[in-house]
Student: 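A single structure is presented below for examination.
Values below: every heavy atom of this structure, side chains too, minus hydrogens, waters and symmetry copies. When a residue number appears, it is its place in the shown sequence, counting from 1. Just so you know, ligand 1 is whichever comes first in the structure, and atom 1 is the first atom listed for that ligand. Predicted model, so just to flag it, every value in this text is computed and none were measured.
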Amino acid sequence: MQTRTESLQHTMMRVPLTLPHFLERAAKLYPKVEIVSRLPDRSLHRYTYADFYRRARRLAEALQRAGLRPGERVATLMWNHFAHLEAYFGIPCAGGVLHTLNLRLHPSDIAYIARHAQDRFLITDDVLLPLIEQLRSQVSFERIFVVPLAGAPVPAGYESYEHLLDTATGSWDYPPLDEEAPVGMCYTSGTTGRPKGVVYSHRSLVIHTLAAALPDALGLSQRDVVCPVVPMFHVNAWGIPFAATLLGCKQVFPGPHLDPPSLLELFESEGVTLTAGVPTIWLGVLEALRREPDRWKLKLRTLVVGGSAAPEAMIRAYDQLGFHVLHAWGMTEMSPLGTVSRLKSTLVDLPEDQQYAYRAKQGLPAPLVEVRAVSDHGEVPWDGKTMGELQVRGVWVAASYYGGEDPDRWTSDGWFRTGDVVTIDPEGYVKIVDRTKDLIKSGGEWISSVDVENALMGHPAVKEAAVVAVPHPKWGERPLAVVVLREGQQATAEELREFLAPRFARWWLPDAFVFVSEIPKTSAGKFQKAKLREQFRDWSWG
Ligand code: AMP
């Protein structure tokens, strides 16, 4: 027996936190639950977790037989569908690293990223071969495996993904996997400078999955039918495919059909209860629902909105339709979950307007994520007013970029500088005021472009609005609003100014309103403010 003074050891097992557990659990407990994918010809591909399990393991075995060594990168360039999910598990279970390439980037940027990551193999969709042709000369993948979604024969120079799976025997066991081993790789969207790589570990991903599924985070249950509209190349579709597999939820993938009627039709036919995507997607879906309110019978409960700020008007509009918009903030460097905006039990009795003001903020830090806001004068108080740069720390936050690039993004005491300017209120809700570079400095004072554009999007005639800084001879910079009106609606600059006037100090109001048919967006659907700033740089203030 130990004496009281001997140092006490814990008596718990040390089981590595690795991905094969997800696959094993789903197949043992939920073999009959379905995974449904919309194919390019709009037909639905259906199979069960039992099928998925067999194929993901075959992929792992086949990759090992093809010579994949631990830590080597296998890139994917794919839409959201069953084969991409197979890659999400098959590659890591083989000891490889899943590197999701963003198909919306320019071909030369995709090639740069694949070269930079030293991707060895590529798995892609047959319908994306025209894109591959544009970048193939710029990057040398050893082998390219093509998923026959459209069913056409695989052209010369490529190999069939199905033939790759056929090389597996099916009697195979997982290699030993260290929880600290790399599992996935994703590049930042690179709005400034070259994209940079973030490498996730089994451990960071497993813990992120548990936290993301919690009721106060995304709130997933096995009984949910989950449809990530956010691309699987955008920070692991926010971790949803991993969480849904661990829990055994029915999963529904939209393939390449992301227009509002196609999404709504899929939600209806498959009984989707939880979905996720950027605000642009949900603004379009809202328009479609308003145009034809009785067309779709939906079981939808939650729309997770992130990637850009969810306008308060949009949250209110969906509430009226009976759907809960859950506003969340994250980053590639954070796997991506950072904050989620749910009302605390002590705030649910507030007047409605105040409740919405909280829900439109980016929210409370997730468990295991620490936040602080820092200005030139040090850490700022949590008073909901003082702005500072948001810095974060946590188990699933990157400690460096691949190759050690841009080390200045980390403080000397080990926090990651997000580049987002925020206030944090006394309740702990984080509110993003701007990206550091998007803030507008007028007469030496800061204006939050995000606040003004979100208010503008509350005007009934406005579909989208972006507010940017334009050089001004007297004030240094002044705000200019770029506005897209809703179909068939009218509004003048005067009306919009009057609409904003009660909400802001006079000097925050945009001095000019420009009406356009579309706002340029990044590959992830965010407003490309840098492009707008460039476009209006020589604006004549008159
Ligand atoms: P990415 O790494 O591509 O996911 O981009 C991360 C950046 O997107 C963050 O630093 C924010 O600037 C922005 N972002 C993500 N979610 C939100 C949100 N809910 N509200 C405002 N900005 C957001």
Student: Using only heavy-atom distances, determine whether the side chains of Thr386 and Asp383 contain a donor-acceptor pair under 3.5 Å.
Tutor: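 Thr386 vs Asp383: donor-acceptor pair found between side chains.
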Student: To check your reading of the model: name the closest protein heavy atom to atom 21 (C) of ligand 1, its residue, and the distance in Å.
Tutor: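 I find the closest protein heavy atom is Ala309 N, 3.2 Å.
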Student: Report the member of Cys186, Gly306, Ser308 with the shortest heavy-atom distance to atom 18 (C) of ligand 1.
Tutor: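 Looking at heavy atoms only, the winner is Ser308.
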Student: Which of these passes salt bridge (charged side-chain N to carboxylate O under 4.0 Å, His left out) with Glu427: Lys344, Arg342, Lys361?
Tutor: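 When Lys344, Arg342, Lys361 are each tested with Glu427, the salt bridge (charged side-chain N to carboxylate O under 4.0 Å, His left out) holds only for Lys344.
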Student: Heavy-atom distance to atom 15 (C) of ligand 1: which of Ser523, Gly307, Ser341 wins?
Tutor: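 Looking at heavy atoms only, Gly307 sits closest to atom 15 (C) of ligand 1.
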Student: Quick one: does any side-chain atom of Asp125 pair with a main-chain N or O of Leu128 as donor and acceptor, under 3.5 Å?
Tutor: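 Looks like no, no N/O pair under 3.5 Å.
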Student: For atom 5 (O) of ligand 1, what is the closest protein heavy atom, and at what distance to 0.1 Å?
Tutor: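 It is Lys526 NZ, 2.8 Å.
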Student: List the closest protein heavy-atom neighbour of atom 3 (O) of ligand 1: residue, atom name, distance to the nearest 0.1 Å.
Tutor: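 Scanning the protein heavy atoms, the shortest distance from atom 3 (O) of ligand 1 goes to Ser189 OG, 3.1 Å.
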Student: Are Ser449 and Asp438 linked by a side-chain donor-acceptor pair shorter than 3.5 Å?
Tutor: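 No, because no side-chain N or O of Ser449 sits under 3.5 Å from a partner of the opposite role on Asp438.
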Student: Can Tyr200 and Asn236 be counted as having a side-chain donor-acceptor contact under 3.5 angstrom?
Tutor: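 Not at all, the side chains of Tyr200 and Asn236 share no donor-acceptor pair under 3.5 Å.
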Student: Which pairs pass side-chain hydrogen bond (donor to acceptor under 3.5 Å, both in side chains) with one or both residues in residues 452-467, sequence neighbours excluded?
Tutor: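 Listed by first then second residue: Glu453-Lys529, Glu464-Lys521.
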Student: Taking the minimum heavy-atom distance to atom 11 (C) of ligand 1, which of Val340, Val230, Asp420 ranks first?
Tutor: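 Considering heavy atoms of Val340, Val230, Asp420, the nearest to atom 11 (C) of ligand 1 sits in Asp420.
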Student: Between Val235 and ligand 1, is there a nitrogen or oxygen pair with a distance under 3.5 Å?
Tutor: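 It does not: no N or O of Val235 is found under 3.5 Å from an N or O of ligand 1.
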Student: Whether the Ser442 and His472 side chains hold a donor-acceptor pair (N or O, under 3.5 Å, no angle test) is what I'd like checked.
Tutor: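 No donor-acceptor contact under 3.5 Å links the two side chains.
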Student: Closer than 4.0 Å to some heavy atom of Met331 - which atoms of ligand 1 meet that?
Tutor: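 That gives atoms 2 (O), 4 (O), 6 (C), 9 (C), 10 (O) of ligand 1.
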Student: Where's the contact between Pro336 and ligand 1, heavy-atom distance under 4.0 Å: side chain, backbone, both or neither?
Tutor: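 Neither part.
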Student: Starting from atom 17 (C) of ligand 1, which protein heavy atom do you reach first, and at what distance in Å?
Tutor: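 Looking only at protein heavy atoms, the one closest to atom 17 (C) of ligand 1 is Trp329 CD1, 3.5 Å.
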Student: Does the side chain of Gln251 come under 3.5 Å of the side chain of Thr245 through a donor N or O and an acceptor N or O?
Tutor: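 There is such a pair (donor and acceptor under 3.5 Å, judged by atom type) between the side chains of Gln251 and Thr245.
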Student: Would you check if the side chain of Arg417 reaches a backbone N or O of Asp408 as a donor-acceptor pair within less than 3.5 Å?
Tutor: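 Checking the backbone N and O of Asp408 against the side chain of Arg417, a donor-acceptor pair under 3.5 Å is found.
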Student: Taking only heavy atoms of His234, which atoms of ligand 1 are found under 4.0 Å from at least one of them?
Tutor: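 That gives atoms 1 (P), 3 (O), 4 (O) of ligand 1.
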Student: Is the closest N or O pair between Ala328 and ligand 1 shorter than 3.5 Å?
Tutor: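 Between Ala328 and ligand 1, an N or O pair is found under 3.5 Å apart.
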Student: Out of Thr522, Thr332, Val422, whose heavy atom is nearest to atom 2 (O) of ligand 1?
Tutor: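 Checking each option, the heavy atom nearest atom 2 (O) of ligand 1 is found in Thr332.
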Student: So which heavy atom in the protein is nearest atom 6 (C) of ligand 1, and how far is it from that ligand atom?
Tutor: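 Nearest protein contact, heavy atoms only, for atom 6 (C) of ligand 1 is Gly330 O, 3.5 Å.
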Student: Can the positive tip of Arg38 be found less than 6.0 Å from the middle of the six-membered ring of Phe253, inside 45° of the ring normal?
Tutor: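 Geometry flag: not set, cation outside 6.0 Å or 45°.
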Student: Consider every N or O of Ile432 and every N or O of ligand 1, then say whether any pair is closer than 3.5 Å.
Tutor: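 Min N/O separation from ligand 1 is not below 3.5 Å for Ile432.
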Student: What part of Gln362, side chain, backbone, both or neither, has a heavy atom within less than 4.0 angstrom of ligand 1?
Tutor: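 Near ligand 1, Gln362 shows its side chain, while the N, CA, C and O stay back.
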